[in-house]
Amino acid sequence: MSKPQMRKATLTWKHIPELQPDHNNLSKCRPRGSNGFATVSMLEFEPTAAQLLKHPLAIVALVPKDAAVFAAGAFSGAAAKTVTAPLDRIKLIMQTHGLRVGQESAKKAIGFVQAFVSVGKQEGLKGYWKGNFAQVVRVLPYSAVQLFAYDTYKKLFRGADGELSIIGRLAAGACAGMTSTFVTYPLDVLRLRLAVDPGYQTMTDVCFKMLKEEGLGSFYRGLGPSLIGIAPYVAVNFCVFDLVKKSLPEKFRNRPEASIMTAFVAASIATLTCYPLDTVRRQMQMRGTPYKTILDAFPAIVARDGVAGLYRGFVPNALKTLPNSSIKLTTFDAMKRLISASEIEFQRILEENRSEQKQGANASAF
């Protein structure tokens with residue numbers, strides 16, 4: 001019988017604030033630099049490089065869980081945006097049609113099919129994804145910031161009983177939406193310019209031209225309606241999602257199809273409620289826009305395009321809601337399952353190492 005391989009043990013000190021010190025007994029034996037009573041030693045038998053290569057899934061568990069979940073959220077958001085990019089570009093073209101073509105031509109709204117065919121004829125297949133790189137670059141930090149901010153604000157708005165009320169949930173979603181929007185807003189402006197202005201070819205081209213011709217302030221033009229629009233949107237979206245899912249029978253709550261349909265209902269209600277503010281924001285982001293404030297934009301758009309002008313592009317936006325939510329949730333759930341599986345695999349290796357170490361110690365005793 002071969003002798004079990006000895007594994008390297010890592011000594012870890014962890015603080016236990018609730019534990020009270022016994023100064024008489026612990027003052028002489030506590031580790032240097034520690035608080036004595038507030039530490040406990042643990043032995044963890046770390047996997048070797050050979051074990052990690054043999055079980056690559058366990059490597060994921062080496063990444064801090066919060067970082068892994070943030071990365072999963074960012075990746076799922078980017079995947080969803082890339083798949084639905086053609087619908088998003090058609091929506092932007094329809095939203096900004098009135099401002100781009102002028103007063104007279106704006107009387108005749110551009111339809112979804114017309115916009116879709118026009119992009120294909122003028123720019124080819126790749127035209128449907130024009131500006132998507134800027135969108136993906138924006139979505140990565142946007143998703144990470146929004147998830148982190150939402151968790152932080154939920155803790156902040158919890159009541160004395162530790163529960164999160166409907167008002168608290170709405171406030172947490174609104175603040176998270178505004179925080180992530182403010183941080184990534186310049187990237188959103190760059191993406192819009194690339195998507196609707198044929199004079200721009202790359203993000204760098206857009207950035208330098210905007211700085212030279214319009215100044216730094218152009219990167220934040222339309223921020224006001226964006227913040228006002230995203231706050232209720234994220235608040236309603238998150239709140240409806242949580243409440244609808246909570247109302248489902250317990251055996252259905254964790255099913256993928258339940259999450260998909262709940263997300264679709266929540267996103268649809270939020271979009272219908274907040275879409276006019278999104279249209280105002282897009283027209284304020286355009287080069288040469290005559291609008292300085294929301295109060296300027298709203299009546300001017302209604303006077304030129306009618307009330308329906310506030311909802312231009314709503315159909316492609318609604319059409320992308322279901323696949324976008326489905327892809328995002330499915331990818332995020334799959335990656336969370338991967339993270340959980342990696343933790344189980346990592347713990348299994350640790351248990352094997354502990355067992356081998358114990359067998360080795362017993363063999364040495366004999």
Side-chain angles (χ1 to χ4, degrees), residues 74-102 105-106 109-143 180-181 184-214 218-223 226 229-230 271 275 278-289 311-325 327-328 331:
F75 178 81
S76 60
K81 285 293 184 184
T82 299
V83 173
T84 58
L87 288 170
D88 197 40
R89 187 168 185 216
I90 299 305
K91 181 204 77 167
L92 293 177
I93 290 173
M94 293 177 70
Q95 275 185 315
T96 58
H97 173 72
L99 185 62
R100 287 183 292 109
V101 300
S105 299
I110 186 171
F112 173 72
V113 175
Q114 183 184 355
F116 192 87
V117 172
S118 177
V119 171
K121 282 183 177 179
Q122 294 178 16
E123 304 175 54
L125 185 63
K126 67 179 182 180
Y128 294 108
W129 278 270
K130 186 179 180 183
N132 185 60
F133 178 72
Q135 176 75 323
V136 169
V137 170
R138 183 188 74 89
V139 164
L140 292 174
Y142 182 85
S143 298
S180 53
T181 298
T184 61
Y185 191 77
L187 288 170
D188 192 41
V189 174
L190 291 176
R191 193 269 299 210
L192 173 72
R193 295 293 183 92
L194 271 173
V196 302
D197 195 327
Y200 295 128
Q201 298 300 322
T202 65
M203 285 182 66
T204 305
D205 184 31
V206 178
C207 189
F208 282 123
K209 281 188 177 181
M210 286 178 66
L211 281 173
K212 183 179 179 181
E213 298 174 8
E214 303 173 61
S218 61
F219 288 93
Y220 284 94
R221 189 176 295 141
L223 178 62
S226 296
I230 200 64
T271 301
Y275 193 81
D278 187 54
T279 298
V280 170
R281 170 172 70 106
R282 294 304 184 188
Q283 297 210 16
M284 288 184 71
Q285 287 176 337
M286 292 293 293
R287 180 171 57 176
T289 179
Y311 282 92
R312 279 186 179 172
F314 181 79
V315 171
N317 188 70
L319 287 175
K320 78 168 187 174
T321 298
L322 180 56
N324 189 293
S325 298
I327 294 166
K328 187 174 182 178
T331 305

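Numbers here are sequence positions counted from 1. Computation of the quantities below employed the complete heavy-atom set of this structure, encompassing side-chain atoms and omitting hydrogens, waters and symmetry-equivalent molecules.
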Can you measure from CG (D188) to CG (L223) and round to the nearest 0.5 angstrom?
10.5 Å
Distance alone, cut at 3.5 Å: any donor-acceptor contact between the side chains of Q122 and S118?
yes
Could you report the tightest heavy-atom contact between A78 and L140, atom names first, then the distance?
CB-CD2, 4.0 Å
About how many Å separate CZ of R312 and CD1 of I93, when rounded to the nearest 0.5 Å?
13.5 Å
Do you know the tightest heavy-atom contact between W129 and A85?
CD1-CB, 3.4 Å
What is the distance from atom CG of N132 to atom OG1 of T84, rounded to the nearest 0.5 Å?
8.0 Å
Does the side chain of R193 come within less than 4.5 Å of K209's, by heavy atoms?
no
Grab the two heavy atoms, one from G222 and one from Y185, that are nearest each other, plus how far apart they are.
C-OH, 3.0 Å
Would the number of heavy atoms belonging to other residues, nucleotides or ligands and lying under 6.0 Å from CZ of F208 be above 12?
no
Determine whether more than 12 heavy atoms belonging to other residues, nucleotides or ligands lie under 6.0 Å from atom CZ of F219.
yes
Would the distance check show the side chain of Y128 and the main-chain N or O of F116 forming a donor-acceptor pair, the cut-off being under 3.5 Å?
yes
Exercise: identify the closest heavy-atom pair between V139 and K81:
CG2-CG, 3.5 Å
Mind listing the closest non-hydrogen atom pair of M210 and V189 along with its distance?
CE-CG1, 3.5 Å
